[in-house]
2 protein chains.
Amino acid sequence: MTESPVPHEPPIYRRIADTLRNRILSGELRDGDRLPGENALMAEYGVARATARQALAVLINEGLAVPRRGSGVYVRLFRPIRRHGSRRLSRQQWSQGRAIWDADTRGRPYTVDEIHVERVPASEAVARLLDTDDVWIRRRRYSIDKRPVQLATSHFPADLVEGTAITAIDTGPGGVYARLGELGYSPVHFTEEVRARMPTPQEANLLKLPAGTPVIVICRTAYTTGGMPVELNEMILDSASYVLQYDFDA
Amino acid sequence: MTESPVPHEPPIYRRIADTLRNRILSGELRDGDRLPGENALMAEYGVARATARQALAVLINEGLAVPRRGSGVYVRLFRPIRRHGSRRLSRQQWSQGRAIWDADTRGRPYTVDEIHVERVPASEAVARLLDTDDVWIRRRRYSIDKRPVQLATSHFPADLVEGTAITAIDTGPGGVYARLGELGYSPVHFTEEVRARMPTPQEANLLKLPAGTPVIVICRTAYTTGGMPVELNEMILDSASYVLQYDFDA
DNA sequence: AAGTGGTCTAGACCACCAC
DNA sequence: TGGTGGTCTAGACCACTTC
């Protein structure tokens, strides 16, 4: 009880984390560089193992570093894909047999897997939005350079698409929007709701997300000229892989 | 001591976190409810303190729970504000109150503080975008119901706005866009780039963000009819407080 | 084989909060 | 005053990566 050193001194692990963060943000430590490991921090700062771990956990949870088992902790890299909100859905895109996804990748090869198509009862929110009890849903996962970057789940009113290629694994040239057009329900207007949050463990697993990586959730509704909603597409994006771009006039 | 480990079995703290998460997602534990504390988990599962803490840390870093010192760990709430990006002429036709994520904050007043206005050298990226060496920047913080929800930093080409009210704390009626209009540089077109990431400690502090809360970063560029960029506005949004909405046509 | 991160135990003292 | 979360120590065993 001789003195109270400084009223609000940050704890040790915070100060260790702060100095490491500064070394990253200043550029001294670059993408992919190895950070001092637990043992190095224990020696350098004279702290216990758990304290060194706690300091590294701060950076990992901030998304600045990624741990590699048996190897070390490394500075994380950020190489985003630019996703255009408005341009990508221009009518000529899908009316000419091109998939929407092509607009994003600029020639980089992408793959689709984990495809599931099924008819299910609509959730309360989806039922309200699409004004239907049952929906056909199409789930899939997109990867670029073998890295998963996006999960998507499209919902269609069941009565509308029953018996069409939209309920098949392969939807044919132009994809589901071309099929909707053939039914007389071409989407002409879109609303996108965008959120960000931490992923569920399932999402983190499917997207192979390291700790400290949020996901961007885009919920897009497609409308016909009559204002009828015909598709609800929920997309889960790895936030470290994406930049969204929207253009509009005053 | 412990049972011989079974291959692929998740660690104890994960299983504890999983059961707690299920109780939250199933609705058994609701917004604001108190979770079992460290002592309760130690007793219930027969684990050490650090293990119980680790389980709670998982939920906290997922943004599902918030710790309150001396009180307990509580289920977190999500009450978003709806932020409309593009407000098109057809908006009335399309947006008929149907939205996946409800936003009940319409009309609530916001306050502005932490205002800083200064002339500084432009960073490399800003200099390239605004084609200028110096910029006037306007920083401020927005709060709703006394809760900080957004930080914003506007950048203007210094030569363009030097000597105008844009360089003053109070920009006058209509704000900076009205002033730009008087200069003959009315913004008519906007581009928004949207990202998500974990906040820096400074951002977390200014926005009073609990752990596990990402921020949404919006970088908006305003262009004149001539295509000249006249403002660059970087906004940092509390992701737990916002839903972005964009409307556009095919 | 040596080093690394991953998990876990069993203690300790502290600041803060509610009763 | 007792319970809560916040920080920290000093060990331990494990799985994995690298050499």
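Any value given below was found using the heavy atoms of this structure, including those in side chains, with hydrogens, waters and symmetry copies removed. Here is how names work: the chains are called A, B, and so on, in the same order as the sequence lines, proteins then strands, and each is numbered from 1.
- Between the CG atom of A/Asp247 and the CZ atom of B/Phe190 there is a distance of 12.0 Å, given to the nearest 0.5 Å.
- Here the nucleotide nearest the side chain of B/Thr51, chosen from D/dT7, C/dT9, D/dG6, is C/dT9.
- Side-chain nitrogen and oxygen atoms of A/Tyr13 include at least one within less than 4.0 Å of the OP1 or OP2 phosphate oxygen of D/dT7.
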Restricting both atoms to N or O, compile the protein contacts to nucleotides 17-19 of chain C shorter than 3.5 Å, with distance only.
none

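- Contact record, B/Arg197 with B/Ile236: NH2-CD1, 3.9 Å, taken as the closest heavy-atom pair.
- Taking 4.0 Å as the cut-off between side-chain N and carboxylate O, B/Glu62 and B/Arg21 count as a salt-bridged pair.
- A search for salt bridge (Lys or Arg N to Asp or Glu O under 4.0 Å) contacts involving B/Glu28 returns B/Arg23, not counting sequence neighbours.
- Rounded to whole Å, atom C1' of C/dG6 lies 18 Å from atom CZ of B/Arg53.
- In summary, B/Glu38 and B/Arg49 engage in a salt bridge, as defined by a charged side-chain N under 4.0 Å from a carboxylate O.
- Within the 4.0 Å cut-off from OP1 or OP2 of D/dT4, at least one side-chain nitrogen or oxygen of B/Asn39 is found.
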Dot-bracket for DNA chain C, 5' to 3', counting Watson-Crick or G-U wobble pairs under 3.5 Å, with [ ] for crossing pairs and | for inter-strand pairs? ||||||||||||||||||.

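- Sequence neighbours left out, the pairs with a member in residues 204-216 of chain A that pass side-chain hydrogen bond (donor to acceptor under 3.5 Å, both in side chains) are A/Arg76-A/Thr213.
- Residue contacts for B/Leu56: at a heavy-atom cut-off of 4.0 Å it reaches no nucleic acid atom on any strand shown.
- Between the P atom of C/dC13 and the CD1 atom of A/Ile12 lies a distance of 16 Å, rounded to the nearest Å.
- Going from atom OH of A/Tyr74 over to atom C1' of C/dG5 covers 11 Å, rounded to whole Å.
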Using atom names, set out every protein N or O paired with an N or O of nucleotides 10-12 of chain C below 3.5 Å, distance rounded to 0.1 Å.
| from | atom 1 | to | atom 2 | distance (Å) |
| --- | --- | --- | --- | --- |
| C/dA12 | N6 | B/Arg49 | NH1 | 3.2 |

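- Summarising the local packing, CD of B/Glu118 is surrounded by more than 12 heavy atoms from other residues, nucleotides or ligands at distances under 6.0 Å.
- For A/Tyr45, the side chain to side chain donor-acceptor pair (under 3.5 Å) partners two or more places apart in sequence, or in a different chain, are A/Thr19.
- Of all heavy-atom pairs spanning B/Ala17 and B/Ala55, the tightest one is CB-O, 3.7 Å.
- Here B/Arg14 lies out of heavy-atom contact (under 4.0 Å) with every strand.
- Between A/Tyr246 and B/Tyr246, the two ring planes are parallel [angle under 30°; tilted spans 30° to 60°].
- Taking atom CG of residue A/Asn61 and atom P of nucleotide C/dG6, one finds them 11 Å apart after rounding to whole Å.
- Remark: B/Glu231 does not engage B/Arg138 in a salt bridge, criterion side-chain N to carboxylate O under 4.0 Å.
- Nearest to the side-chain atoms of B/Gln54 among the listed nucleotides D/dT7, C/dG6, C/dC8 stands C/dC8.
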